[in-house]
Amino acid sequence: MAEFFSNQLKAVLFLGDITEQMNLRQEDGYTIQNFDYQSFRSRDKLGQPYGPSNASLAHITLRSISGEGYKNLYTILKQRECYSFSVLFNVKYADDRLVESYETATVLNGYIVEIEENFDTNPMVNQSMILNMKILLHDVDYLGINTHRRLVVNS
């Protein structure tokens with residue numbers, strides 16, 4: 001029987017930098033429905049990049065967050081300080097509900113600049129809250145299977 005990957009958990013957001021903390025609990029993660037950002041650098045006549053990457057916004061859409069989750073995100077918004085957000089892709093949890101492994105990860109460092117809440121009122125689905133969050137990026141760490149690379153964004 002074929003496995004439907006669309007039914008698998010693809011991306012999870014954890015508050016903080018995963019390279020500095022261990023024992024990530026499943027209930028501390030937020031399921032990501034959509035995640036994107038763009039980054040670009042200036043290039044010379046030969047096409048070689050120079051200077052820092054230009055500032056950009058990361059857009060993250062989260063679904064079905066607990067009340068405590070909302071409180072944590074709004075606290076970060078009010079602080080107006082650079083904060084770390086870890087996005088883990090293809091996460092697997094152990095029996096004790098701790099993160100056992102993940103395929104790749106991205107650690108975003110930046111400032112929450114906007115939080116927008118929407119209700120999904122589709123009659124086929126239970127009513128749930130959708131949260132759209134925008135983060136002004138300061139830098140991005142890519143944690144691949146064999147690589148660790150930092151992209152500094154000019155913000």
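The structure displayed is predicted, hence computed values, not measured ones.
Put simply, CD1 on I60 and CE on M133 are 4.5 Å apart, with the number rounded to the nearest 0.5 Å. With rounding to the nearest 0.5 Å, the separation of CG in L131 from CD in Q33 is 11.0 Å. Summarising the geometry, atom CG belonging to N72 is positioned 7.5 Å from atom OH belonging to Y83; distances are rounded to the nearest 0.5 Å. For the atom pair CG of L98 and OH of Y93, the computed distance is 10.0 Å after rounding to the nearest 0.5 Å. Here the straight-line distance linking atom CG of D28 with atom CG of L15 works out to 8.5 Å at 0.5 Å rounding.
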Test log, rule side-chain contact (heavy atoms from CB on, under 4.5 Å), inputs Q26 and V99: CA-CA 7 Å; Q26 185 175 7; V99 171; over 6 Å; no

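The number of heavy-atom neighbours closer than 6.0 Å to CD of Q38, taken from other residues, nucleotides and ligands shown, is 12 or below.
Taking 4.5 Å as the limit, every side-chain heavy atom of N34 sits out of range of all side-chain heavy atoms of N132. Two residues are said to be in side-chain contact when any heavy atoms from C-beta on lie closer than 4.5 Å; E114 and L57 fail this criterion. Counting heavy atoms from C-beta on, the side chains of Y142 and T104 never come closer than 4.5 Å. Looking at heavy atoms from C-beta onward, D141 lies out of side-chain contact with T19 at the 4.5 angstrom threshold. For the pair N90 and Y102, the minimum side-chain heavy-atom distance is 4.5 Å or more. Taking 4.5 Å as the limit, some side-chain heavy atom of L73 sits within range of a side-chain heavy atom of L62. Within the 4.5 Å cutoff, the side chain of L88 has heavy atoms near those of the F14 side chain. You'll find the side chain of I18 reaches within 4.5 Å of the side chain of V107, heavy atoms only.
Across all their heavy atoms, A58 and L137 have their closest contact at CB-CD2, 3.9 Å. Between E116 and N118 the shortest heavy-atom distance is OE2-ND2, 3.2 Å. Counting all heavy atoms, side chain and backbone alike, S84 lies closest to D17 at CB-N, 3.6 Å. Considering all non-hydrogen atoms of both residues, Y37 and S56 come closest at CD1-OG, 4.4 Å. The shortest heavy-atom contact between E117 and Y74 is OE2-OH, 2.5 Å. Closest approach of I112 to L77, counting heavy atoms only: O-CD1, 3.3 Å.
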